[in-house]
*Asks:* 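I'd like to ask some things about the structure below.
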Amino acid sequence: MKRDVYVAVSFLLAFLVISYAVTVKDVLGIAQNPLRPLGGEFYLSHAFAHEGPTSHSPEVVTAIVWNYRGFDTLFETFVFFLAIMGALSVLRLTKEQEKEVRELEAREPPQADGLDR
């Protein structure tokens with residue numbers, strides 16, 4: 001127990017020292033590089049377009065999901081459901097296996113659960 005506490009405190013101190021070195025002292029030189037613009041102006045100006053095939057959503061997040069990420073989301077959903085169907089088809093029992101399970105359950109005596117009734 002004591003050893004676990006020492007390990008946890010060591011990891012916490014290491015994390016704090018590395019965080020301080022990277023953020024405050026700029027050890028890696030990250031602070032000298034300017035941030036790139038993410039293109040927020042484009043999305044804000046094109047989110048609610050009145051012409052063309054758009055979602056016509058006044059919320060920018062919904063418009064981005066439906067207009068720019070719609071196909072990606074659709075394909076991810078398709079792959080997810082395909083994985084579920086594949087797992088269910090692999091894990092299901094055949095009629096012979098179900099019959100065998102029923103026979104084994106009928107042959108086994110009931111297990112004592114250790115409770116005195």
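Position 1 is the first residue of the sequence; numbering continues from there.
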*Asks:* Can you list, by chain and residue number, the hydrophobic cluster partners of L13 when the side-chain cut-off is 4.5 Å?
*Replies:*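 Cluster partners of L13: V5, V9.
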
*Asks:* Output the distance between atom CD (E103) and atom CD (E105), rounded to the nearest 0.5 Å.
*Replies:*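 Going from the CD atom of E103 to the CD atom of E105 covers 11.0 Å.
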
*Asks:* Just wondering, more than 12 heavy atoms not from E100 lying within 6.0 Å of its CD?
*Replies:*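 Not buried by this count: 12 neighbours or fewer within 6.0 Å.
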
*Asks:* Table please: side-chain donor-acceptor pairs of residues 78-98 below 3.5 Å, with sequence neighbours left out.
*Replies:*
residue, atom, partner, partner atom, Å
S89, OG, M85, O, 3.3
S89, OG, G86, O, 2.9
T94, OG1, Q97, N, 3.3
Q97, OE1, T94, N, 3.0

